[in-house]
Amino acid sequence: MSPRSRMGELEQAVLETLWDSAGPASGRQVHERLADRDLAYTTVMTVLDRLVAKDVVARERDGRAFRYAPRRSRAAMTADLMHEALQGTGADRDQALVSFVGEASADDLAALRRALADLT
C-alpha cells in the first residue's frame, strides 16, 4: 500500500500545503497556511512528525527549528495510487483502464496521448 493511500484527511491537507509551498516550510508556516481549519500548532507538528515517520516528508534542521518538504512530487504519489489501484483489479485490469479512459476529460486524454507518444 502506498504511503498516500494510508494517510488521513489532515495528513493529506498538510502534504498539499507542502506541495504548494515554494520550498521547504517550517511548522509555523504550515500552521499559518492551514489557519482556516482552526488547528492547534501542536496538532500540525504531530501530523508533520507522522509524515516524517512514514517517510513521506523530509525534515531538515534550520537553526533551532525544522523545515519540511515532501519527498516525492504530487504527480509521483498520484501515479503510485493509480498503480496500486490497478494492481488490485487482477484480471479486470484491462477493463479498469478502459473505464478510466472512457471517463477521462478531453484534456486528460490529450495528456495521455502526449505521454504515450513520449514513450515510443
Side-chain angles (χ1 to χ4, degrees):
M1 205 180 313
S2 73
R4 192 167 179 186
S5 67
R6 293 187 311 253
M7 283 192 282
E9 186 269 333
L10 186 52
E11 289 174 319
Q12 289 182 27
V14 168
L15 187 56
E16 290 288 337
T17 299
L18 291 172
W19 277 325
D20 292 341
S21 296
S26 68
R28 181 80 49 209
Q29 289 169 320
V30 172
H31 179 251
E32 288 169 2
R33 291 180 187 138
L34 294 170
D36 60 323
R37 291 175 167 263
D38 196 31
L39 299 169
Y41 173 75
T42 54
T43 300
V44 173
M45 293 306 299
T46 298
V47 171
L48 285 166
D49 286 342
R50 286 182 184 158
L51 291 172
V52 168
K54 290 180 179 184
D55 205 30
V56 174
V57 168
R59 174 174 51 201
E60 61 184 45
R61 181 147 313 265
D62 183 19
R64 291 180 40 189
F66 289 101
R67 297 184 76 66
Y68 300 86
R71 288 200 176 272
R72 303 191 67 211
S73 70
R74 182 183 279 126
M77 286 192 76
T78 299
D80 287 346
L81 280 174
M82 293 170 71
H83 287 290
E84 181 180 319
L86 285 172
Q87 286 175 349
T89 60
D92 296 334
R93 184 182 182 117
D94 288 351
Q95 290 176 320
L97 283 167
V98 168
S99 179
F100 173 76
V101 170
E103 295 177 19
S105 69
D107 288 343
D108 289 342
L109 290 173
L112 281 170
R113 284 186 186 100
R114 285 191 303 275
L116 289 171
D118 289 346
L119 291 174
T120 56

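Nothing fancy with the numbering, it's 1 onward along the sequence.
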For residues 40-48, which side-chain donor-acceptor pairs fall under 3.5 Å, sequence neighbours excluded?
unit_1 : atom_1 : unit_2 : atom_2 : d
Thr46  : OG1    : Thr42  : O      : 2.9

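Applying the salt bridge (charged side-chain N to carboxylate O under 4.0 Å, His left out) test to Asp118 and every residue at least two apart in sequence or in another chain returns nothing. Partners of Val98 under the side-chain contact (heavy atoms from CB on, under 4.5 Å) rule, at least two apart in sequence or in another chain, do not exist in this structure. For Asp62, the side chain to side chain donor-acceptor pair (under 3.5 Å) test picks out no residue, with sequence neighbours left out. Qualifying salt bridge (charged side-chain N to carboxylate O under 4.0 Å, His left out) partners for Arg28, counting only residues two or more places apart in sequence or in other chains: none. Scanning for side-chain contact (heavy atoms from CB on, under 4.5 Å) contacts around Ala79 gives His83, with sequence neighbours left out. Partners of Glu103 according to the salt bridge (charged side-chain N to carboxylate O under 4.0 Å, His left out) rule, which considers only residues two or more places apart in sequence or in another chain, do not exist here. With sequence neighbours excluded, no residue forms a salt bridge (charged side-chain N to carboxylate O under 4.0 Å, His left out) with Arg50. Partners of Ser21 according to the side chain to side chain donor-acceptor pair (under 3.5 Å) rule, which considers only residues two or more places apart in sequence or in another chain, are Arg33.
Counting all heavy atoms, side chain and backbone alike, Leu34 lies closest to Ala13 at CD2-O, 4.2 Å. Here the closest heavy-atom approach between residue Met7 and residue Gln12 is recorded as O-NE2, 3.3 Å.
Hydrophobic clustering, defined by side-chain heavy atoms of Ile, Leu, Val, Met, Phe, Trp and Tyr closer than 4.5 Å, groups Val101 together with Met82, Phe100, Leu109, Leu112.
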Taking it one step at a time, do Leu39 and Leu10 satisfy side chain to side chain contact (heavy atoms under 4.5 Å, CB included)?
CA-CA 10 Å; Leu39 299 169; Leu10 186 52; 3.5 Å; yes

Test Asp55 against Arg72 for salt bridge (Lys or Arg N to Asp or Glu O under 4.0 Å), laying out the working first.
CA-CA 10 Å; Asp55 205 30; Arg72 303 191 67 211; over 6 Å; no

Check the pair Asp20 / Arg74 against side chain to side chain contact (heavy atoms under 4.5 Å, CB included), numbers first and verdict last.
CA-CA 10 Å; Asp20 292 341; Arg74 182 183 279 126; 2.9 Å; yes

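To the nearest 0.5 Å, atoms CZ (Arg59) and CG (Asp49) are separated by 5.0 Å. With values rounded to the nearest 0.5 angstrom, Leu86 atom CG is found 10.0 Å from Asp94 atom CG.
By the 4.5 Å heavy-atom criterion applied to side chains, Glu11 and Val56 are not counted as neighbours.
Each salt bridge (charged side-chain N to carboxylate O under 4.0 Å, His left out) pair with one or both residues in residues 34-47, not counting sequence neighbours, appears once here: Glu9-Arg37. Identified under the ring pair (Phe, Tyr, Trp, His ring centres under 6.0 Å) test for residues 42-76, with sequence neighbours left out: none.
A side-chain donor-acceptor contact under 3.5 Å links Gln29 to the backbone of Ser26.
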